[in-house]
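Quick note: numbers below take in every heavy atom, side chains included, and nothing from hydrogens, waters or symmetry partners. Keep in mind that what you see is a predicted model, and the values were worked out from it rather than measured.
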Amino acid sequence: MSMSDEKIYPVDEKDIVIEDNIFIRGIKDIKGDISFYYDSMDELRINYQLSGTMICPCAVSMEDVEVEYDISEDEKVVQEIKEDGFYFKETMEVRDLAAMIVIPEAPIMVVKNKKIEYSRGDGWSFVSEKDYELSKKDEIDPRLAKLMEYKVEEDD
């Protein structure tokens, strides 16, 4: 099979729900293609170009955050998960294959751009690190507080 004999699978999916993953909840508007071909060394390779939007949880509020992605790669297809390359089950649907490609691209942490309303309770509240630093700006280090009591006596 030469490069001209490659098998191309177009990808055009609206929504894929991802369950049991703390970094990504879903993928929407997936477009692109996935192709398979044999290289000059007669090894099976996968080539993909996919773009769309990931739905990831905000690290602070747990609300959905949309993250755009555009990925492309060309890798050797391997038979064992321990091998270096792209491993997948041959009986997968294109939809599942696309999800398998996109999921590892999910960011470890995202925070929504809008103002976050932090939780509050009786005598406690969550604050941003920036607000915390501002509140501590004028606070005196307790280790140095005793020095504030020291008065310099002037000789007249």
Review point. Tell me, do S61 and K112 make a side-chain contact under 4.5 Å, heavy atoms counted?
Key: yes
Exercise for review: May I ask you to list the residues sharing a hydrophobic cluster with I55, side-chain cutoff 4.5 Å, ordered by chain and number?
Suggested key: none
**Study point:** Nearest non-hydrogen partners of M54 and A106, listed with the distance
**Key:** SD-CA, 3.5 Å
Review point. Looking at L50 and D33, what are the two nearest heavy atoms and their distance?
Key: CD2-N, 4.1 Å
Practice item. Check each of M100, K76, R45 against F86 using the side chain to side chain contact (heavy atoms under 4.5 Å, CB included) test, and report the only one that passes. Key: M100
Practice item. Check which hydrophobic residues are tied to I81 through side-chain heavy-atom contacts below 4.5 Å, counting indirect links as well, and list them. Key: V78, Y87
Point to revise | Residue list, side-chain hydrogen bond (donor to acceptor under 3.5 Å, both in side chains) with T53, at least two apart or on another chain | key: E68
Enumerate, atom names and distances included, each donor-acceptor pair closer than 3.5 Å involving a side-chain atom of residues 9-18, sequence neighbours excluded.
| unit_1 | atom_1 | unit_2 | atom_2 | d |
| --- | --- | --- | --- | --- |
| D12 | OD1 | K31 | NZ | 2.6 |
| E13 | OE1 | R95 | NH1 | 2.5 |

Practice item. Could you list all the salt bridge (charged side-chain N to carboxylate O under 4.0 Å, His left out) pairs where at least one residue sits in residues 48-57, not counting sequence neighbours? Key: none
Point to revise | Passing candidate, side chain to side chain contact (heavy atoms under 4.5 Å, CB included) with F36, options I8, V77, N47, D5 | key: V77
Review point. Can you name the side-chain hydrogen bond (donor to acceptor under 3.5 Å, both in side chains) partners of E105, sequence neighbours left out?
Key: none
**Study point:** For E75, all residues meeting side-chain hydrogen bond (donor to acceptor under 3.5 Å, both in side chains), sequence neighbours excluded
**Key:** Y48
Point to revise | OG on S35 to CG on D74, rounded to 0.5 Å | key: 7.5 Å
Which donor-acceptor pairs under 3.5 Å do side chains of residues 21-28 form with protein atoms, sequence neighbours excluded?
| unit_1 | atom_1 | unit_2 | atom_2 | d |
| --- | --- | --- | --- | --- |
| N21 | OD1 | F23 | N | 2.8 |
| N21 | OD1 | I24 | N | 3.3 |
| R25 | NH1 | M62 | O | 2.9 |
| R25 | NH1 | D64 | OD1 | 2.5 |
| R25 | NH2 | M62 | O | 2.8 |
| K28 | NZ | E66 | OE2 | 2.5 |

